[in-house]
Colleague: 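Let me begin by handing over the structure; questions about it come next.
Proteins come first, then strands; the chains are lettered A, B, ... in the order of their sequence lines, and each starts at number 1.
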Protein chains: 2
Amino acid sequence: MKREPKRAMPRAKSAEKNARSAKAGTRKPSLAPTRRERVQSKEDAIIAAAHKSLTTRGFAKTTMSEIARKAGVAEGTLYLYFSNKNALARAVLAVFYKRLTQTAKTGVAKCATTREKLEFLARHHLESIIGERRLLELIASDVRNTDAYEGSDVYKMNREYVAVFDDVMRGGVWRGEIEDGAAQWIKRDIFFGSLEYSMRTLLMKKRSSKKDVAAVVAELVKLLMGGAGVRTEPMSNRDLTKAVERVDAAALRLERLSAVKM
Amino acid sequence: MKREPKRAMPRAKSAEKNARSAKAGTRKPSLAPTRRERVQSKEDAIIAAAHKSLTTRGFAKTTMSEIARKAGVAEGTLYLYFSNKNALARAVLAVFYKRLTQTAKTGVAKCATTREKLEFLARHHLESIIGERRLLELIASDVRNTDAYEGSDVYKMNREYVAVFDDVMRGGVWRGEIEDGAAQWIKRDIFFGSLEYSMRTLLMKKRSSKKDVAAVVAELVKLLMGGAGVRTEPMSNRDLTKAVERVDAAALRLERLSAVKM
DNA sequence: CATATATGATGAATATCACTCAGTCATTAA
DNA sequence: TTAATGACTGAGTGATATTCATCATATATG
């Protein structure tokens with residue numbers, strides 16, 4: 001847990017140039033993978049192997065040789081693709097976030113109301129992190145503190161992920177379904193913080209039932225929606241305020257009226 | 001990060017027998033420390049050294065030899081007192097929790113209302129964990145997962161600590177200051193989860209001002225108190241509803257009145 | 001007081017890692 | 001065919017947690 005290398009990774013750079021051989025006039029399309037494809041699939045294999053080890057045994061107990069064995073490469077090869085164990089773990093996390101964001105987006109899109117969207121997001125998040133709880137350890141500890149976290153892939157992916165929540169909340173406020181209370185970052189922290197802490201509690205319970213998950217989700221959404229449980233569709237703050245103003249004005253007129261008459 | 005030893009710690013057992021020499025008739029009280037006192041003070045020195053290293057450099061970068069040097073003992077000696085690095089870290093955490101519980105209890109006792117108690121607890125927790133953020137890493141990762149966490153000192157101390165919050169909440173509900181909503185464990189998770197997540201956000205902000213801490217605390221307490229914030233801020237849905245009812249009733253009376261008069 | 005025994009303490013030795021690097025192999029270019 | 005480039009390898013290195021044979025001191029016992 002120290003020596004951070006400086007050497008740039010000789011690893012295959014990102015996308016582009018999927019075109020095989022442009023001059024494929026006479027030759028068959030050649031089913032053999034190109035060098036670039038082979039490199040890519042090897043990188044995928046390494047990440048998959050690391051993912052498996054990390055999620056089942058945790059960061060500390062996962063060894064590089066174990067990953068190498070699972071991925072079918074030599075130990076040294078790992079360092080051609082990732083500069084160190086932390087970087088590899090970050091790559092795994094980035095994949096996790098990418099998938100999480102994808103499923104979150106499509107799920108939210110299917111929901112009609114803000115309440116439904118929030119409920120879906122909460123349950124989705126909670127169930128996902130329960131499944132891959134070991135990955136979350138990474139975020140809290142090493143991976144987040146050593147070398148550059150901001151600017152890393154995980155950081156960017158994480159931003160994209162929480163943006164899904166932000167959009168839902170802002171949409172809800174805009175449509176008057178949620179009262180516009182605290183700053184957005186506070187709501188975000190309450191949302192994700194509560195869920196991640198609940199995860200620990202749920203994991204410690206001997207039999208954490210579906211009901212427990214549902215209870216956490218319901219309570220959290222209730223709080224974020226403005227606490228006005230009232231079931232069904234609570235009036236928005238905006239609407240209530242307008243109603244008060246109307247009633248108040250009416251009362252005032254009546255008072256003046258009766259004052260005249262009296 | 002593996003070999004967990006089985007050998008029982010030959011470490012000095014807990015309290016009792018502070019009495020030096022009971023037959024202190026003729027002899028002076030003997031200022032020389034007893035064996036037990038020497039052992040105790042050495043244990044304290046080790047924990048203090050470990051605390052310093054852990055909080056400044058984090059778990060991974062803290063080495064046992066570093067701790068031994070700081071504590072003024074040989075490396076092997078550490079293992080007479082703590083079975084391994086994890087156990088030592090847990091001991092440090094236990095001390096942290098003990099102090100935290102102490103200050104929390106006395107602080108809460110000084111507050112009059114439930115709201116004040118909650119606000120104090122939230123601010124106290126947030127400021128404490130910001131100060132010793134490195135210790136919290138431990139909880140999320142290794143220390144909590146390896147070997148027996150339940151039944152450990154940290155676990156018990158943690159239970160005691162969160163009990164302070166539980167008491168405040170239950171007291172508030174009992175006195176009608178808080179609506180009795182979700183299960184207690186859910187409220188607890190929301191409280192501590194939000195704060196610990198906020199900590200990360202605050203630490204990433206370049207200049208996390210007092211105002212940010214205050215904002216998080218205020219919002220969280222507002223939510224837990226049932227939204228009945230009343231706070232300067234916009235009225236809660238619940239209060240607005242009540243206000244509408246009051247105004248509505250008044251208007252009704254006036255209408256009847258003017259109807260009679262008319 | 002002298003000796004025996006238990007309790008503490010030590011640090012060199014061991015086992016595991018993460019990480020490096022000199023060299024091999026394979027594919028493409030000339 | 002040969003040269004050059006890129007990909008890969010695994011024995012080697014240094015760091016670190018943990019063990020253990022041994023020593024030191026204090027207490028108990030005669």
Colleague: Roughly how many Å is it from CD in A:E43 to P in D:dC8, rounded to a whole number?
Modeller: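 A:E43 atom CD is separated from D:dC8 atom P by 11 Å.
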Colleague: Counting only heavy atoms from other residues, nucleotides and ligands, does the tally under 6.0 Å from NZ of A:K210 exceed 12?
Modeller: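 Incorrect, the count does not exceed 12.
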Colleague: Quick one: B:E37 CD to D:dA26 P, roughly how many Å, whole number?
Modeller: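 That distance rounds to 15 Å.
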Colleague: I'd like to know whether CZ of B:R159 has more than 12 heavy-atom contacts from other residues, nucleotides or ligands below 6.0 angstrom.
Modeller: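 Open.
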Colleague: Given D:dT16, C:dG8, D:dT27, which nucleotide is nearest the side-chain atoms of B:T63?
Modeller: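 The answer is D:dT16, which lies nearest to the side chain.
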Colleague: Looking only at the side chain of A:A74 (C-beta and beyond, no hydrogens), which of the listed nucleotides D:dG10, C:dA9, D:dC8 gets closest?
Modeller: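 Minimum distance to the A:A74 side chain belongs to D:dG10.
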Colleague: In whole angstrom, give the distance that lies between atom CZ of B:R38 and atom C1' of D:dT27.
Modeller: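 In whole Å, D:dT27 C1' and B:R38 CZ are 10 Å from each other.
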Colleague: Among C:dA18, C:dG8, D:dT18, which is the nearest nucleotide to the side chain of B:L80?
Modeller: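 So the side chain of B:L80 is nearest to C:dG8.
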Colleague: In whole angstrom, give the distance that lies between atom CD of B:E75 and atom C1' of C:dA9.
Modeller: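 From B:E75 CD to C:dA9 C1': 13 Å.
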Colleague: Between D:dT9, C:dT27, C:dC19, which nucleotide has the shortest distance from any of its atoms to the side chain of A:V73?
Modeller: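 The answer is D:dT9.
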Colleague: Figure out the CE/C1' separation between A:M64 and D:dT13, and round it to whole Å.
Modeller: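 One finds 16 Å between C1' of D:dT13 and CE of A:M64, rounded.
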Colleague: Return the value, rounded to whole Å, for the distance between atom CG of A:N84 and atom P of D:dA15.
Modeller: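 My rounded result for the distance is 17 Å.
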Colleague: Once you build an axis from the first five pairs and another from the last five of the helix from C:dC1-D:dG30 to C:dA30-D:dT1, how far apart in angle are they, to 10 degrees?
Modeller: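 Taking five pairs per end, the axes differ by 20°.
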Colleague: With the side chain of A:T77 defined as its heavy atoms from C-beta on, choose the nearest nucleotide among D:dC8, C:dC19, D:dT27.
Modeller: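 Side chain of A:T77 sits closest to D:dC8.
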Colleague: For A:K61 and C:dC17, is the shortest distance between a side-chain N/O and OP1 or OP2 below 4.0 Å?
Modeller: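 No, outside the criterion.
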Colleague: Under 6.0 Å between the ring centres of B:F96 and B:H51?
Modeller: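 Ring-ring flag for B:F96/B:H51: false, centres at least 6.0 Å apart.
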Colleague: Other residues, nucleotides and ligands only: do more than 12 of their heavy atoms fall within 6.0 Å of NZ on A:K70?
Modeller: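 Check passes, neighbour count above 12.
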Colleague: Could you tell me whether the side chains of B:D189 and A:T201 share a donor-acceptor contact shorter than 3.5 Å?
Modeller: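 Yes.
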Colleague: Can you see whether A:S53 engages A:E66 through a side-chain donor-acceptor pair at a distance of less than 3.5 angstrom?
Modeller: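 There is such a pair between these side chains.
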Colleague: Which whole-number value in Å describes the distance from A:Y81 OH to D:dT9 P?
Modeller: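 That distance rounds to 9 Å.
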Colleague: Side chain of A:K42, heavy atoms from C-beta onward: which of D:dC8, D:dA26, C:dA9 has the nearest atom to it?
Modeller: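 Out of D:dC8, D:dA26, C:dA9, the nucleotide with an atom closest to A:K42's side chain is D:dC8.
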Colleague: Using atom CG of A:L78 as one end and atom P of D:dA7 as the other, report the distance to the nearest whole Å.
Modeller: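 Whole-Å distance recorded here is 16 Å.
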Colleague: Provide the closest heavy-atom pair for A:Y79 versus A:N84 in the form atom of the first, atom of the second, distance.
Modeller: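 For A:Y79 versus A:N84, the nearest heavy atoms are CE2-CA, 4.0 Å.
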